[in-house]
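Each chain gets a letter, A, B and so on, in the order the sequences are listed, and its residues count up from 1.
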Amino acid sequence: MSKSIIGAARPRIDGPEKLSGRATYTSDNHPPGMVYAYGVFSTIGRGRIRAINATEAKRMPGVIDVFHHGHFPKLYRTPSSFVQENKVDETHLPFEDDRVYYPGQFVALVVADSFDQARAAAYRVKVDYAEEKAIATLEQAMAQATPKEDAKSGHSRGDPDGAFASARHKVDVTYVTPMETHNPMEMHASVAHWENGDLVLYEASQGVVFARNVMAKVFGLAPERVEVRSPFIGSGFGSKLWIWPHAVAAAAAAREVGRPVQLVVPRQEMFTTTGHRPPTHQRLRLATDDSGKLVALSHDSVNTTSQVNTYVERTGTCTKSLYACPNLRVSHATVPANHGTPTSMRAPGAAPGLFALEAAMDEMAEAIDMDPLEFRRVNYTDRDESKDLPFSSIHLLEAFDRAADSFGWADRNPKIGAMKEGNEIIGWGMAACNWEALKQACDARVSLRADGTAFASCATQDIGTGTYTIVAQAVSDITGIALDKIEVQLGDSSYPSGPISGGSWATATTLPAIAQASRAAIEALKSYATGDGGAFAGAEPADLQFADGELIDGNGKRVAYTEVLSQLRLANADGEAHTPAAPKDEHSFRSFGAHFVEVRWDPGISRLRVSRVVSAIDVGQVINAKTAANQVEGSIVMGIGMALFEKTEYDEDSGLPVNNNYAEYLVPVHADQPEIEVILLDYPDYAFNEYGARGIGEIGITGLAGAVANAVYHATGKRIRELPITLDKLMEDIPRSA
Amino acid sequence: MRQFDYSRVDSPEQAVAAHRQAQTAAFLAGGTTLLDLVKIDIMQPEHVVDVNGLTLNRIEPLDDGRLRIGAMVTNTALARDPRVREHYAVLSQALLSGASTQLRNKATTAGNVMQRVRCPYFRDGVSACNKREPGAGCAAIGGLNRSVHAVLGTSDQCIASHPSDMCVAMAAIGATLTVQGEKGQREIDFTDFHLLPGKHPEREHALEPDELITHVTLDAPLAGNRSHYLKLRDRSSYQFALASSAVIVTLDGNTIRDARLALGGVATKPWRASKAEQALIGKPVTVASFENAARIAFEDAKAYRHNAYKIPLGQQAIVRSLTTVTT
């Protein structure tokens with residue numbers, strides 16, 4: 001492996017296309033004859049559609065058709081299976097029946113010549129509802145139904161309840177996290193185009209293979225008759241992993257009207273019909289012995305799901321193995337609410353779960369009068385006790401040490417509110433971070449071309465994380481061909497089957513396949529070179545070496561691959577590869593890290609800001625120091641949003657979303673971004689894959705909100721157990737409301 | 001977007017005449033409120049009169065020491081104007097604390113005066129809203145009212161806070177609006193322009209039908225004044241004020257000679273806190289004086305379910321901004 005390529009800080013190879021506006025995102029596609037669809041979205045939270053009156057809308061200029069449950073083709077639900085690669089979180093199809101399960105649900109679809117005509121007509125479709133009282137919040141949902149436990153995701157060992165009952169030191173605390181919404185910059189969008197019964201779908205997608213398989217199931221087609229393209233997406237954070245109703249609606253409408261249809265989901269409905277992170281209610285019970293060792297840990301969690309599908313937010317996913325504890329339980333349960341179906345949002349489960357666990361860890365440390373960092377060291381383990389397997393590679397203690405040193409943790413005055421500067425009180429807090437590493441099976445194709453370039457393709461995606469660039473780095477690493485001579489194509493389901501861009505597994509999954517396909521292309525080249533008329537005719541392929549774009553024999557004869565190919569009038573030497581999923585029986589593969597956070601609280605004006613973050617991250621080999629640090633920095637900023645700002649709100653009475661826009665749903669702005677230092681430990685994990693890389697897209701958000709909450713406590717003495725930590729929760733002497 | 005008639009005009013008289021032609025007409029300046037609300041179908045003008053052709057983009061000092069601002073002067077230009085920065089620092093600071101650079105480049109002075117509320121129940125087009133549909137009720141009073149709802153000047157019909165930062169500074173400075181109507185020009189005192197919701201939250205301002213704001217004239221600055229705008233919010237930028245304070249003071253040694261105080265984010269209109277100003281005049285520059293004024297400013301405040309914190313937050317804004325200008 002060439003260290004000048006793998007691990008180097010290389011700029012994105014797709015950067016110029018994006019900066020110059022040449023990169024085509026889904027809604028940039030305008031096939032000839034394309035028309036526009038705009039949704040009519042339910043304005044009640046629950047009930048039935050009595051009647052839909054589209055008379056006025058249909059008379060408006062440019063309107064082609066108005067679809068609804070009384071006028072829509074019969075489609076098929078897809079099964080939802082990860083193994084079959086047709087998973088979706090909402091299996092309910094648009095316009096399936098007259099039921100309204102959540103506000104912002106598609107109830108009709110207008111197709112017109114222009115976007116503005118479609119939208120204007122959509123506003124004129126009159127829907128008569130028989131409204132029922134909606135379940136609008138987690139609180140209401142838990143009051144109305146007994147949470148239904150998810151049998152698959154729980155874990156138990158030892159006797160957590162017995163050990164807790166008899167322990168000397170314990171905390172029993174409940175943490176609550178709100179609904180959060182992904183809010184990628186690019187809207188969800190579909191451009192559906194039928195040709196002779198085959199569907200081409202441009203879709204803002206984090207998984208073109210899954211999208212193809214789902215659309216094939218829904219329309220009753222063989223998968224070969226569907227192609228899904230997503231070369232560029234304006235991120236997704238999990239919301240674009242699976243197909244949502246808009247894509248089905250767009251494709252069905254396109255087939256019905258006989259023209260390509262573009263449908264962009266409005267920002268308001270990006271909050272309702274394309275998934276969200278559900279609110280959670282998490283009870284944590286921790287107990288230690290006198291030395292500070294955990295003797296009992298239970299993490300029992302409830303989240304809301306939709307009326308049509310069950311989505312489990314696995315908040316205990318890290319709790320089962322992050323610390324040593326012989327008596328432990330995690331459980332997850334769901335209660336239905338009148339919301340769209342939740343879905344994975346960056347570090348699903350772990351982000352809300354580690355907020356709760358890492359804040360509760362601080363509460364426990366305080367209860368036994370131990371430094372929070374020391375408490376975590378005392379409970380360190382190098383074995384995954386939930387699987388009874390060693391971690392393949394763990395450098396958590398080093399992450400603690402290096403981040404603590406750089407942050408200056410040793411200078412922390414543990415007394416609440418003791419560190420001050422001007423009007424501000426400074427608080428320091430820390431937390432561990434943790435994420436699973438997964439590697440799926442993957443196919444890839446690499447070609448060495450006679451013109452001196454190389455070509456690599458895989459049906460995975462670059463969702464803005466740098467996948468195009470690291471694929472080129474892997475090809476360059478094996479072939480010695482310069483990065484600017486390597487063309488990478490991703491984001492098309494017709495390419496060799498690749499992974500979804502989710503779970504932080506695209507790097508670990510894709511790169512070994514790309515490397516193997518590169519080697520296969522070199523082998524093909526050798527076989528051409530040693531064949532009739534080849535540059536090394538008569539030699540054995542095994543006697544040839546390939547380095548820096550040249551074939552070399554035992555006598556030192558060197559011939560460039562371009563020459564080998566041109567001599568034979570061949571365009572390319574191609575290699576294909578299939579690499580398997582990671583084995584699961586010898587190691588537990590996980591990534592680790594630590595966040596140290598400084599907050600500043602100005603009590604005179606109730607202003608809370610995160611002013612400094614130092615994070616040390618242990619994710620195995622880093623492939624590209626630039627894009628990797630960028631992922632962690634972005635995760636930290638998103639974690640600040642989770643800690644201080646983000647909350648999707650529904651009105652308790654009407655059940656309708658309230659802050660479903662970019663002005664009132666707050667995420668950090670540039671001015672909220674603190675000084676950030678990211679330390680990448682960079683220990684290759686070769687038990688996991690040949691590059692030793694475990695993936696880096698999500699771990700940075702885990703634990704961050706916990707570290708902020710701990711820092712806020714250090715500054716203010718207030719333990720805020722419900723996110724977001726807004727200024728009103730920290731203020732004293734708030735008068736009673738009228 | 002609904003279809004509407006569109007016309008461009010060259011003079012305020014033409015603008016008013018064009019506006020009269022339709023039952024529901026709207027003047028289009030920067031468009032940052034109007035187009036937003038038209039796109040979400042909350043405003044449905046039949047006729048849009050584009051006033052961008054009017055030469056109302058000058059900032060001119062008047063002989064009596066006042067500063068006359070054309071209706072079409074952008075927020076960016078006004079904030080950057082050297083005379084504004086020197087004599088009305090509070091106005092420049094307020095403008096720059098609002099929106100984003102892109103929006104400030106488009107938004108105009110008169111347009112900002114006409115900015116409409118951010119209440120989500122007004123903007124969703126469905127919930128009960130007396131402003132949108134008189135007599136329908138107010139979903140905000142019992143609903144989620146933490147961020148963009150008021151504690152001062154509310155009524156049992158509407159509690160939406162006025163969103164403008166610029167107007168808060170103007171309320172503190174004192175200003176006069178010049179408006180063009182069918183019968184000619186007239187002037188309206190700035191404090192009388194925005195109306196309290198009372199029983200008629202659908203009436204937001206003192207303009208007669210078809211009238212157009214042509215100028216905002218700032219009162220002459222207080223000699224030797226120091227001023228400051230402090231905006232408090234959850235995030236550091238691009239959020240409407242939870243509470244804000246515009247203060248202008250002049251000092252006699254350690255005594256407050258004169259004071260102007262206006263509040264934003266906490267009130268249903270740009271809120272001049274006159275009683276609190278009176279309580280400051282002649283008092284020593286001490287935290288106790290500031291806290292007393294802050295207490296008086298919120299004497300009549302009424303807290304709703306989620307926004308009671310705005311009372312102490314608004315008081316903190318007053319105390320800190322007075323501390324800042326006097327030290």
**Report entry** Charged N-O contact under 4.0 Å between A:Arg46 and A:Glu132
**Finding:** yes
Requested in this report: Flag the pair A:Glu421 and A:Arg600 as a salt bridge only when some basic side-chain nitrogen lies within less than 4.0 angstrom of an acidic carboxylate oxygen.
Outcome: yes
Query raised in the report: Cation over ring, A:Arg267 on A:Tyr662, under 6.0 Å and within 45°?
Result: yes
Query raised in the report: With only heavy atoms counted, which part of B:Leu144 is less than 4.5 Å from chain A, the side chain, the backbone, both or neither?
Result: both
**Report entry** Engaged part of B:Ile40 at the chain A interface, taking heavy atoms whose separation is under 4.5 Å
**Finding:** both
Query raised in the report: Got a sec: does the NZ of A:Lys133 have more than 12 other heavy atoms crowding it under 6.0 Å?
Result: yes
Query - Under 4.5 Å from any heavy atom of chain B - which part of A:Tyr650 - result: backbone
Query raised in the report: Quick one: do the B:Ser289 and B:Thr286 side chains pair a donor with an acceptor below 3.5 Å?
Result: yes
Report summary line: From the list A:Asp733, A:Val667, A:Ile640, A:Asn660, the residue making the most non-hydrogen contacts under 4.5 Å with chain B is A:Val667
Requested in this report: Using non-hydrogen atoms and a 4.5 Å limit, figure out which bit of B:Ser237 sits close to chain A: side chain, backbone, both or neither.
Outcome: both
Query raised in the report: Which atoms form the tightest heavy-atom contact between B:Ser7 and B:His47, and what is the distance?
Result: OG-NE2, 2.8 Å
Query raised in the report: With a 4.5 angstrom heavy-atom cut-off, which part of A:Leu644 approaches chain B: side chain, backbone, both or neither?
Result: neither
Report summary line: Within residues 95-105 of chain B, the residues sitting under 4.5 Å from chain A by heavy atom, in sequence order, are none
Query raised in the report: Is there a donor-acceptor pair under 3.5 Å between the side chain of A:Asn659 and the backbone N or O of A:Lys647?
Result: yes
Query raised in the report: Hey, what's the ring geometry for A:Phe115 with A:Tyr36, parallel, tilted or perpendicular (30° and 60° as the breaks)?
Result: perpendicular
Report summary line: Okay, A:Pro266 and chain B: the region with an atom under 4.5 Å from a heavy atom over there is neither
Query - Polar side chain donor-acceptor pair, B:Asn112 to B:Ser164, under 3.5 angstrom - result: yes
Query raised in the report: Of the backbone (N, CA, C, O) and the side chain (C-beta and beyond), which part of B:Arg146 lies under 4.5 Å from a heavy atom of chain A, both, or neither?
Result: side chain
**Report entry** B:Asn130 side chain to B:Gly135 backbone, donor-acceptor under 3.5 Å
**Finding:** yes
Query - Option that, when pairs with chain B are counted at under 4.5 Å, heavy atom only, ranks first among A:Thr43, A:Asn661, A:Asn423 - result: A:Asn423
Query raised in the report: B:Pro120, B:Ala243, B:Ala308, B:Ala317: which one forms the most heavy-atom pairs within less than 4.5 Å of chain A?
Result: B:Ala308
Query raised in the report: At a heavy-atom separation under 4.5 Å, does B:Leu232 approach chain A through its side chain, its backbone, both, or neither?
Result: side chain
Query - Contacting moiety of A:Asp672, where chain B heavy atoms sit under 4.5 Å - result: both
Query raised in the report: Are the charged groups of B:Arg305 and A:Glu652 less than 4.0 angstrom apart, N to O?
Result: yes
Query raised in the report: Which one of B:Asn307, B:Val319, B:Asp41, B:Val126 has the most heavy-atom pairs closer than 4.5 Å to chain A?
Result: B:Asp41
Query raised in the report: Under 4.0 Å between a Lys/Arg side-chain N and an Asp/Glu carboxylate O for B:Glu291 and B:Arg295?
Result: no
